[in-house]
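Accompanying notes for the structure given below.
We count residues from 1, following the sequence as given. Every heavy atom of this structure was used, including side-chain atoms; hydrogens, water molecules and symmetry mates were not.
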Amino acid sequence: MPQRSVQPLRRTTALVLTALLATTPTALATPTALATPARPDHGRTCLGDVRVLAHFDRAAGQAAESIAPEPGGGAVVGMIPARQVVRVERTGAVRVLATMPLPPDGGGTTPVVGTPVVTGVVRSGGGAVHFLYSSGRGGLTGVWRLRRSGAPELVVPLHADTMPNALVVDDERDRFLVTDSTGGRVWQAPLRGGAASVWSADPALAPVDFFGANGLKVHDGAVWASNSDRGTIVRIPVAEDGGPGRAEVRASGLEGVDDFDFTGRGTEILAAVNQSSRLVRVSADGTGETLLDAGDGMRGTTAVVVRGNRAYVTNGANLVGGDSNLLLAELRRC
């Protein structure tokens, strides 16, 4: 739960940028669930060969937020508050694919943060790039697709009072799933585009006083979501008709948790904890350990995506300053 002593800071520009990366301003304390040393677990995931693939222009607003890996080792990355989608080549070269327009009111009605932001990005199996844009009033909030021409196209409009944060493609159900951080909901919409509907508004997704549902994945017959305010990762089983079951908390003590992904070893998770600039391994029983922290170059860690034996990690450098970048690391068993 956020510490009340820092509540006034949320009105500052610095913590508005923190909000864009969906963290809860808290003291940099070790989460309670991670204070217990991890039990010996032969074959658990460790990281090696950690290196920076690309550096971004933080002064120009390129705070790296989300990652969609591409074949060949590159990735598409969402940038806030630059309102950009960029492509990082395997060489580290960075190219801007799209810069989103400001809404008529300048984006001041964007929920909580008061400035328009590009958040989640995803790449479909066919290679199409989709991303989220939140801008308040003006009809621009929703799921966007990059056309072959490079021009963005709105395919799933969302309400102006939503703060879409994470985007996934649920191929089995032929749908998008989107977290709404201020509404504490998961939305669904058809992959072909069209109207969205609330898939789950389980209380476990609700914010306390800032951001609730944040990261999102489909895994093991369920939808998994992180909750930044509550420091939790929850599992919501998917019923036979595609609807939601009741959420259950699978990990806690991760205040300020942002995005996460599964390592490929059952339900073992790598979680990006933005506020304390850490990448945390969370075991199937909810215990965890910090694999990378500020001493390893973590700076406002925002997202992690696993592809095979490789982990992509973004640092937005939002509150702590420093280098906004995309890291690569090798997954190893230890």
Side-chain angles (χ1 to χ4, degrees), residues 7-25 60-66 78-85 96-122 130-146 151-167 176-189 193-199 201 205-216 225 227-229 258-259 274 302 316 318-319:
Q7 291 301 314
L9 296 180
R10 285 186 178 158
R11 300 181 180 89
T12 67
T13 301
L15 287 188
V16 164
L17 292 177
T18 304
L20 307 186
L21 298 176
T23 65
T24 302
Q62 289 188 333
E65 159 66 7
S66 52
M79 294 289 177
I80 58 176
R83 312 188 317 278
Q84 292 176 340
V85 179
V96 176
L97 300 179
T99 300
M100 294 301 291
L102 288 168
D105 69 351
T109 57
T110 306
V112 178
V113 298
T115 189
V117 292
V118 167
T119 49
V121 297
V122 68
H130 292 82
F131 63 95
L132 297 172
Y133 187 44
S134 180
S135 61
R137 292 195 296 267
L140 299 178
T141 297
V143 181
W144 290 72
R145 177 175 61 213
L146 282 182
E153 173 188 19
L154 181 62
V155 294
V156 179
L158 291 170
H159 298 168
D161 64 352
T162 62
M163 182 67 190
N165 202 322
L167 173 67
F176 293 112
L177 293 171
V178 180
T179 52
D180 174 6
S181 291
T182 54
R185 298 168 288 195
V186 174
W187 293 81
Q188 63 178 353
S197 60
V198 174
W199 181 74
L205 303 172
V208 176
D209 53 14
F210 195 50
F211 269 13
N214 191 332
L216 189 69
N227 186 314
S228 294
D229 273 0
D258 202 316
D259 191 23
N274 188 319
T302 51
N318 48 306
L319 179 62

| request: Decide side-chain contact (heavy atoms from CB on, under 4.5 Å) for Met79 and Val96; before the verdict, give the C-alpha distance in whole Å, the side-chain angles of both, and the deciding distance to 0.1 Å. | output: CA-CA 10 Å; Met79 294 289 177; Val96 176; over 6 Å; no
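- For the residue pair Pro164 and Leu158, the shortest heavy atom distance occurs at CB-CD1, 3.9 Å.
- Asp209 has its side chain within reach of Asp229: a pair of non-hydrogen atoms, C-beta onward, lies under 4.5 Å apart.
- Without hydrogens or angle criteria, Ser134 side chain to Thr141 main chain gives no donor-acceptor distance under 3.5 Å.
- Side-chain atoms of Leu132 and Val143, non-hydrogen and from C-beta on, do get closer than 4.5 Å to each other.
- One finds the CH2 atom of Trp144 at 8.5 Å from the CD atom of Glu153 (value rounded to the nearest 0.5 Å).
- If you take CZ on Arg137 and CG on Asp105, they are separated by 6.0 Å, rounding to the nearest 0.5 Å.
- When atom types are taken as modelled, the side chain of Ser181 and the backbone of Ala213 share a donor-acceptor pair closer than 3.5 angstrom.
- Here the closest non-hydrogen pair linking Pro104 and Gly138 is CD-CA, 4.0 Å.
- Considering every non-hydrogen atom in both Val156 and Ala189, the closest pair reads CG1-CB, 3.5 Å.
- What you find for Pro103 and Tyr133 is that their closest heavy atoms are CD-OH, 4.1 Å.
- The aromatic rings of His159 and Trp187 lie perpendicular to each other, with more than 60° between the two planes, well past the 30° mark.
- Contact record, Gly106 with Pro116: O-CD, 3.6 Å, taken as the closest heavy-atom pair.
- Annotation: the span from Asn214 atom CG to Thr119 atom OG1 amounts to 9.0 Å, rounded to 0.5 Å.
- Between Leu154 and Leu140, the closest heavy-atom pair is CD1-O, 4.3 Å.
- Two residues are said to be in side-chain contact when any heavy atoms from C-beta on lie closer than 4.5 Å; Arg83 and Val117 fail this criterion.
- Between Met163 and Val112, every side-chain heavy-atom pair lies at or beyond the 4.5 Å cut-off.
- Phe211 places a side-chain heavy atom less than 4.5 Å from the side chain of Asn165.
- For the pair Phe131 and Ser66, the minimum side-chain heavy-atom distance is 4.5 Å or more.
- Here the rule is side chain to side chain contact (heavy atoms under 4.5 Å, CB included) with Leu167, and of Leu177, Val121, Val178 only Val178 fits it.
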